[in-house]
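One structure is given here, and the rest of the page talks about it.
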Amino acid sequence: AQSVTQPDIHITVSEGASLELRCNYSYGATPYLFWYVQSPGQGLQLLLKYFSGDTLVQGIKGFEAEFKRSQSSFNLRKPSVHWSDAAEYFCAVGQDKIIFGKGTRLHILP
Amino acid sequence: KAGVTQTPRYLIKTRGQQVTLSCSPISGHRSVSWYQQTPGQGLQFLFEYFSETQRNKGNFPGRFSGRQFSNSRSEMNVSTLELGDSALYLCASSDRTGQPQHFGDGTRLSIL
């Protein structure tokens with residue numbers, strides 16, 4: 001069955017620290033992979049996407065993600081977080097029907 | 001460039017009623033997809049329309065339906081509302097199918 005797992009429901013990091021949000025998926029073939037961010041009371045914003053090619057993908061707001069086929073993972077990273085990065089992050093996979101993970105809520109310590 | 005517009009932002013209905021939600025995509029985008037977001041089930045895909053044709057459908061009952069007009073605006077209809085339909089309904093627009101790019105701020109539907 002197709003599924004997306006974000007193992008961490010909450011993550012807390014200090015401002016300026018590095019960040020890695022994990023995402024593992026189960027899919028029949030190599031799917032399209034996405035990361036979105038959602039701030040309270042708002043819709044989702046696409047951070048980055050992977051379809052094919054270079055497995056390290058650069059996105060907006062200084063985020064990047066790396067596709068690892070052998071691990072069925074697509075982890076999101078940022079070298080130095082800012083207080084404004086506090087939000088909920090969703091990993092999603094699919095080609096026709098998009099499947100979302102349950103999300104990881106990121107908290108930033110000043 | 002205007003973003004994705006969803007109307008209304010908030011809606012309160014009672015069980016058994018029906019509701020219609022609207023989504024206006026970014027100009028030039030022909031794909032509109034709909035999602036239900038609840039605390040328990042998270043984000044779930046409802047359906048996607050492209051050039052007035054339903055391209056994909058999620059695992060929701062037939063009470064959930066939609067359509068897309070020639071100007072790419074889309075409506076979602078839910079009939080015979082149930083308490084469990086209380087959710088944030090999001091739509092996304094894109095210039096290609098299967099790749100939701102730009103989301104609206106959603107319609108929050110509350111069922112009493």
Out of B:Pro100, B:Gly42, B:Gly58, B:Ala92, which one racks up the most heavy-atom pairs below 4.5 Å with chain A? B:Pro100
What part of A:Gln42 gets within 4.5 angstrom of chain B, counting heavy atoms only: side chain, backbone, both, or neither? both
cation_pi(A:Lys78, A:Phe63) dist<6.0 Å, angle<=45: yes
I need the B:Phe45 CZ to B:Phe60 CZ distance, nearest 0.5 Å. 10.0 Å
Between B:Gln44, B:Lys57, B:Glu48, which shows the greatest number of heavy-atom pairs under 4.5 Å with chain A? B:Lys57
Is the CD1 atom of A:Ile9 crowded by more than 12 outside heavy atoms at less than 6.0 Å? no
Among B:His102, B:Gln37, B:Gln101, B:Arg108, the residue with the most heavy-atom pairs under 4.5 Å to chain A is B:Gln37
Let me know which of B:Ser94, B:Ser93, B:Ser74 forms a side-chain contact (heavy atoms from CB on, under 4.5 Å) with B:Pro25. B:Ser93
With a 4.5 angstrom heavy-atom cut-off, could you sort out which part of B:Tyr35 is near chain A: side chain, backbone, both or neither? side chain
Proximal component of A:Lys102, with respect to chain B [non-hydrogen, under 4.5 Å]: side chain
Please classify the contact between B:Leu90 and chain A as side chain, backbone, both or neither, with a heavy-atom cut-off of under 4.5 Å. side chain
Going by atom types only, do A:Thr5 and A:Asn24 share a side-chain donor-acceptor pair under 3.5 Å? no
I'd like to know if A:Asp85 pairs up with A:Lys61 as an ion pair, taking the criterion as any Lys NZ or Arg NE/NH1/NH2 lying under 4.0 Å from an Asp or Glu carboxylate oxygen. no
